[in-house]
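Have a look at the structure below, then the notes.
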There are 2 protein chains.
Amino acid sequence: MSLERIKAARGRPKTLDRDHVLEVAMDAYWKEDIGNLSLNEICRRCDVSKPGLYREFLNEDGLMKAVIIKYQKEVLNPVLEMLNSEAPFRETLNNLVSFATSVADTKDAPRGCLLIKMRESRMHLGEATRAQIDFIQEQALSAYRAWLERSQAKGEFNADMSSEFAATYIDAQLSHAASQLARGENQLIVKKMLLVAFSMLVE
Amino acid sequence: MSLERIKAARGRPKTLDRDHVLEVAMDAYWKEDIGNLSLNEICRRCDVSKPGLYREFLNEDGLMKAVIIKYQKEVLNPVLEMLNSEAPFRETLNNLVSFATSVADTKDAPRGCLLIKMRESRMHLGEATRAQIDFIQEQALSAYRAWLERSQAKGEFNADMSSEFAATYIDAQLSHAASQLARGENQLIVKKMLLVAFSMLVE
DNA sequence: GTATTATTGTACCATCCGGTATTTAATTGG
DNA sequence: CCAATTAAATACCGGATGGTACAATAATAC
C-alpha cells in the first residue's frame with residue numbers, strides 16, 4: 001500500500017523542474033564569475049520565470065545555498081571519502097593531488113572547485129550560503145585532521161608540525177591549485193607545484 | 001630662466017587633483033571588492049564629478065590602469081629591487097616572505113597585494129588594465145628567474161628544478177599568501193605556511 | 001569688452017539588478 | 001458547476017550602474 005502516488009496535490013500542478021534549475025545554476029556559478037551572474041540571467045537560461053524561482057528558493061541566497069549543498073553531495077563528499085581509505089599516506093595524498101588537478105577533457109567542463117570559488121567571492125554571497133560554506137570548510141578541515149592523525153599513528157606521516165597546521169596547509173595548497181585551474185592555468189604545471197609543495201610531507 | 005611658471009594655461013584652471021583621485025581609488029580597490037566598486041562611488045569619495053573623472057581617465061578601464069601603474073611604481077618596484085641585492089639566497093627569500101606577510105599595524109590598512117587581487121578578478125577589468133597586469137606579471141617572473149639563476153651560479157640555490165619553474169612556484173606561493181591575507185587570514189599562520197612551502201628550496 | 005579656450009557639475013540616458021504585486025491558468029474537492 | 005487552492009507569467013518597483021549632452025564658469029588673448 002501507501003505512497004506509490006503522493007495523493008495528487010491540490011492546486012495547479014508544478015511544472016518548475018527544481019533539479020534542472022540547480023544543474024544550470026551550479027554549472028553557471030562554477031564556470032563563470034559568481035558576482036556577475038544575476039538571477040535574471042539564470043532565469044533566462046533555464047526558462048523559468050523570476051517569481052517561480054523565488055517561490056522555489058526564497059531568494060538568491062536560497063538558490064546559492066541549494067547549489068552549494070548539491071555540490072557538496074555530488075562532488076565534495078566523494079573526495080572526503082578518499083580520506084577514509086586505509087591506503088598508505090603517500091598514496092592517498094597522491095590521489096588528492098590527482099583529483100584536485102584533474103580536468104575533464106570536455107572543452108567547456110568546469111575547472112577548479114566551486115566551494116573555493118564561493119569562498120573567494122564571499123562578499124557576493126548571502127548569509128545562508130556563507131554559513132553553509134563555513135560549515136563545509138570546518139567539516140573538510142577535521143576530515144583532513146583525522147586522516148593525518150591516523151597516518152601519524154600508523155607512522156606514515158611524521159612531518160614536524162601539528163596535525164591541525166598540516167591540515168590547514170594541505171587545504172590551502174589544494175585550494176590554491178583549484179583557483180589556479182579556475183583561472184585557466186596549465187594543469188600539469190599546477191600539479192607539479194602541488195607535488196613540490198607537498199614534498200616535505202612525505203619525507 | 002624658463003619653466004618656473006608653466007606659461008599659465010589658457011582655459012578655466014583645472015581643479016581636479018589627479019593624484020588625490022588615484023590615491024583614493026587605489027586604496028579602495030586594494031581594500032574592497034573590485035567588482036563591486038563603482039565609478040559613481042569613487043566619484044563620491046573623492047568629491048569629483050563623473051564627467052570630470054571621465055575627462056581625466058577616459059573611462060573605468062583608464063582609471064584602473066592608472067591605479068595599477070601607480071601601485072607598480074610605489075609598491076611593486078621596491079620589492080623587485082630586493083631581488084637585485086647581493087645578499088645570500090636564504091636571506092633574500094626570507095625578506096620576500098617577511099615583506100609579503102607584513103601587515104601595517106593600522107587597523108584599516110590594506111592587506112594583501114592589489115596586483116594579485118586584480119589578477120583574481122580579471123573578468124571585471126577592461127582591456128588596458130588587463131594588458132598592464134600581464135605586463136607587470138611577466139616582468140616579475142623574469143626578475144625572479146634572474147635572481148634564481150644568479151643564486152644558482154653562486155651555488156646558493158640548487159633545488160632540482162628549472163629556474164623557470166622555481167620562479168613560477170615562488171610567485172604562486174607569494175600570490176597565494178597575499179590572497180589569504182586579503183581574505184583576512186591570520187598573518188602568522190600564513191607566514192608559517194609560506195616558510196613550509198619554501199623549505200625545500202633552501203636545502 | 002569680447003572672443004576663445006578649457007574645465008566644471010547638473011541632469012540625464014539606457015540598462016540592468018534583486019525583488020514583488022497582481023492577474024491568469026490549471027488542478028482538486030464538493 | 002462552482003469554490004478553493006496552488007502555481008504560472010507579466011509587468012512593474014526603486015535603485016544602481018557606466019557613460020554623456022550640455023550649459024555654466026573661469027581663465028587668457030586680443
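Within every chain, numbering begins at 1; the chains are lettered A, B, ... in the order of the sequence lines, protein sequences first and strands thereafter.
Ring centroid separation for the pair B:F89 and B:W147 comes in under the 6.0 Å cut-off. A distance below 6.0 Å separates the ring centres of A:W30 and A:Y71.
A:L16 has its CG atom 17 Å from the P atom of D:dT6, to the nearest Å. Rounded to an integer number of Å, the gap from CG of B:L63 to C1' of D:dG18 is 13 Å. Per the geometry, CG belonging to A:L37 stands 13 Å off C1' belonging to C:dC16, to the nearest Å. When the P atom of C:dT20 is taken as reference, atom CG of A:L39 falls 11 Å away, rounded to whole Å. The interatomic distance linking A:L53 (CG) with D:dT10 (C1') rounds to 16 Å, in whole Å. If you measure from atom OH of A:Y54 to atom P of D:dA9, you get 16 Å, rounded to the nearest angstrom. Atoms CZ (A:R10) and P (D:dA7) sit 12 Å apart, rounded to a whole Å. Protein atom CG of B:N36 is 13 Å distant from nucleotide atom P of D:dA16, rounded to whole Å.
Considering only side-chain N and O atoms, A:R12 lies nowhere under 4.0 angstrom from the phosphate OP1 or OP2 of D:dA9. Between D:dA16 and B:R44, no contact under 4.0 Å exists linking OP1 or OP2 to a side-chain N or O. For D:dA16, neither phosphate oxygen OP1 nor OP2 lies less than 4.0 angstrom from any side-chain nitrogen or oxygen of B:S38. Side-chain nitrogen and oxygen atoms of A:R55 include at least one within less than 4.0 Å of the OP1 or OP2 phosphate oxygen of D:dA8. Proximity of B:N40 to the phosphate of D:dA16: no side-chain N or O atom is located under 4.0 Å from OP1 or OP2.
Contacts of A:R18 with the nucleic acid, taken as non-hydrogen atoms under 4.0 Å apart, are absent.
When each of B:R119, B:R122, B:Q139 is checked for a side-chain contact (heavy atoms from CB on, under 4.5 Å) with B:D134, only B:R122 meets the rule.
For the 3.5 Å distance criterion, the side chains of B:D171 and B:Q137 qualify, holding a donor opposite an acceptor.
Among the nucleotides C:dT20, C:dT10, C:dG19, the one closest to the side chain of B:P51 is C:dT10. Comparing C:dA21, D:dA21, D:dA8 against the side chain of A:K14 picks out D:dA8 as the nearest.
For the pair A:K192 and B:F165, the cation-pi test (distance below 6.0 Å, angle within 45°) is passed.
Nearest-nucleotide positions on DNA chain D for A:D47 and B:L58 put A:D47 closer to the 5' end. Summary of the strand contacts: B:P13 and A:S49 both lie near DNA chain D, and taking for each the nucleotide with the nearest heavy atom, the more 5' one is attributed to A:S49.
A donor-acceptor contact under 3.5 Å is formed by the side chain of A:K50 with the base of C:dG19.
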